[in-house]
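In what follows, a structure is listed as structure tokens, so that the remarks can point back to it.
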Amino acid sequence: MINFRYHVVSLTAVFLALAIGLVVGTAALNGPVADSLKEHVDALSKANQQMRQTVQSMERELELEEEFAAEMAQITLPGTLTGKRVLVLTTPTGRDHAEGVIKMLQLAGADIPGRIDLQDKFINPENNNNLLELAVTAARPTGAPTANLPGNGHGVETSSALLATVLLDQPAGSEPVTEADRRAVLAAYSNANYLSIADRITTAAEAVVVVSGLPYVDKDSAKKDESVVKIAEQFDRTGGIVVAGNGSANGNLVAFVRGDAVLAQTISTIDNANTVQGQLVTTLALVQQLTERKAGHYGVGDNAASLVPRLPQ
């Protein structure tokens, strides 16, 4: 039988072996192994410091590029859009860089009748039927041509067509939309929380800048991205439409327009409008639209023709 004394001796032997191992291991580490580890640690520390310096340098370069673009805007933009009526329409994903776009348009002398912020509720596919009904009821007391509205059952498309009708110049020979009609339609959508209006809009615009962002990523992302495209299609009526986007990731508005042979001919896109450089180019692209009736695709993403448009003298 194994007695208590045996257990004591066994445990003593185990602890003695551990102690000897620690002593031997420490002695070994204090030699070549410890030196090697120290060299690796020193090398990693030095590399880390160099990387921090590189990041700081790149951040400073980016700041200088933004400052350069802002100074160039002061030289190149003033007067380029004087007297031009430009509507700013934002999607929920593009709100963050809308102010920067507006400042550049104002610097160019554009007359901005107003800013329309479409809400998530407008994009949500669950509200399709409500938007269809609202398009009919909102237009009923006005002179808006409801007969020309899309009849395919897509609520965002139908409502976007109605909004484009009251917000943009109508083709020559068409009955102009009165201020009362415009106010009634906008009030209907605003009161239902489908959009918000920064200022009272008293006149139609001749061009529109759609400020968009990254593609949606939730379970309804495909339908929401499709709705954003429908909005741009319905506002593509004047020959003066620019999409000021953030990135050209697959699924967002910039990517879709560039990949569509028809829309790419009439809608200009900028894929870095979340930067000062892109906001400057957004304004230049609108100048190109209004002076040449020419669409272009600019920025740093896929299928961008160049960084900036080439404008006539």
Donor-acceptor contact present, side-chain [X] to main-chain [Y], <3.5 Å:
X      : Y      : result
Thr82  : Gly109 : no
Gln234 : Ala232 : no
Thr158 : Gly155 : no
Asn128 : Gly153 : yes
His97  : Ser212 : yes
Ser268 : His297 : no
Glu233 : Ala161 : no
Arg182 : Ile201 : no
Asp225 : Pro215 : no
Gln288 : Pro309 : no

Rounded at 0.5 Å granularity, tell me how far [atom1] in [X] sits from [atom2] in [Y].
X      : Y      : atom1 : atom2 : value
Gln265 : Asp260 : CD    : CG    : 10.0 Å
Gln277 : Phe68  : CD    : CZ    : 9.5 Å
Ile116 : Tyr189 : CD1   : OH    : 12.0 Å
Arg183 : Ile197 : CZ    : CD1   : 11.0 Å
Asp220 : Glu226 : CG    : CD    : 12.0 Å
Leu280 : Thr275 : CG    : OG1   : 9.0 Å

Would a hydrophobic clustering, with Ile, Leu, Val, Met, Phe, Trp and Tyr connected at side-chain separations under 4.5 Å, put [X] with [Y]?
X      : Y      : answer
Leu214 : Val210 : no
Leu132 : Leu195 : no
Leu118 : Tyr216 : yes
Ile102 : Leu284 : yes

Pair Met104-Leu77, side-chain contact (heavy atoms from CB on, under 4.5 Å): steps then yes or no: CA-CA 8 Å; Met104 290 293 183; Leu77 292 185; 3.7 Å; yes

Start with the C-alpha gap between Arg85 and Asp169, add the side-chain angles, then the distance that decides, and say whether salt bridge (charged side-chain N to carboxylate O under 4.0 Å, His left out) holds. CA-CA 10 Å; Arg85 292 167 284 112; Asp169 287 342; 3.0 Å; yes

Side-chain contact test, heavy atoms from C-beta onward, threshold under 4.5 Å: evaluate it for [X] versus [Y] and give yes or no.
X      : Y      : answer
Phe122 : Pro92  : no
Leu163 : Val185 : yes
Leu87  : Ile112 : no
Asn246 : Thr93  : no
Lys84  : Glu206 : yes
Ile123 : Thr91  : no
Val208 : Val86  : no
Val211 : Leu89  : no

Do you know which of Thr269, Val281, Thr282, Asn272 makes side chain to side chain contact (heavy atoms under 4.5 Å, CB included) with Tyr298? Val281

Does anything in residues 111-120 form a side chain to side chain donor-acceptor pair (under 3.5 Å)? List the pairs, not counting sequence neighbours. Thr90-Asp117, Glu99-Arg115, Arg115-Asp117, Gln119-Ser196

Please give me the minimum heavy-atom distance between [X] and [Y], naming the atom from each residue.
X      : Y      : value
Ser159 : Ala135 : OG-CB, 4.0 Å
Ala192 : Leu134 : CB-CD2, 4.4 Å
Leu307 : Gly299 : CD2-O, 3.4 Å
Val276 : Ala70  : CG1-N, 3.7 Å
Ser248 : Val254 : CB-CG1, 4.1 Å
Leu107 : Ala73  : CD2-O, 3.5 Å

Are [X] and [Y] close enough that a side-chain donor and a side-chain acceptor fall under 3.5 Å?
X      : Y      : answer
Asp181 : Thr178 : yes
Glu179 : Thr202 : no
Asn152 : Glu157 : yes

Step-by-step side-chain contact (heavy atoms from CB on, under 4.5 Å) determination, Ile270 to Gln279: CA-CA 8 Å; Ile270 292 83; Gln279 291 156 12; over 6 Å; no

Check the pair Val228 / Asn252 against side-chain contact (heavy atoms from CB on, under 4.5 Å), numbers first and verdict last. CA-CA 8 Å; Val228 173; Asn252 81 339; over 6 Å; no

Ile231 vs Val156, side-chain contact (heavy atoms from CB on, under 4.5 Å): CA-CA, chis, key distance, verdict: CA-CA 7 Å; Ile231 294 167; Val156 170; 3.7 Å; yes

Which residues pass the side-chain contact (heavy atoms from CB on, under 4.5 Å) test with Asn127, sequence neighbours left out? Lys121, Asn124, Asn130, Tyr194

Output, in order, the C-alpha distance, side-chain angles, deciding distance and verdict of side-chain hydrogen bond (donor to acceptor under 3.5 Å, both in side chains) for Arg293 and Thr266. CA-CA 8 Å; Arg293 296 295 176 183; Thr266 57; over 6 Å; no

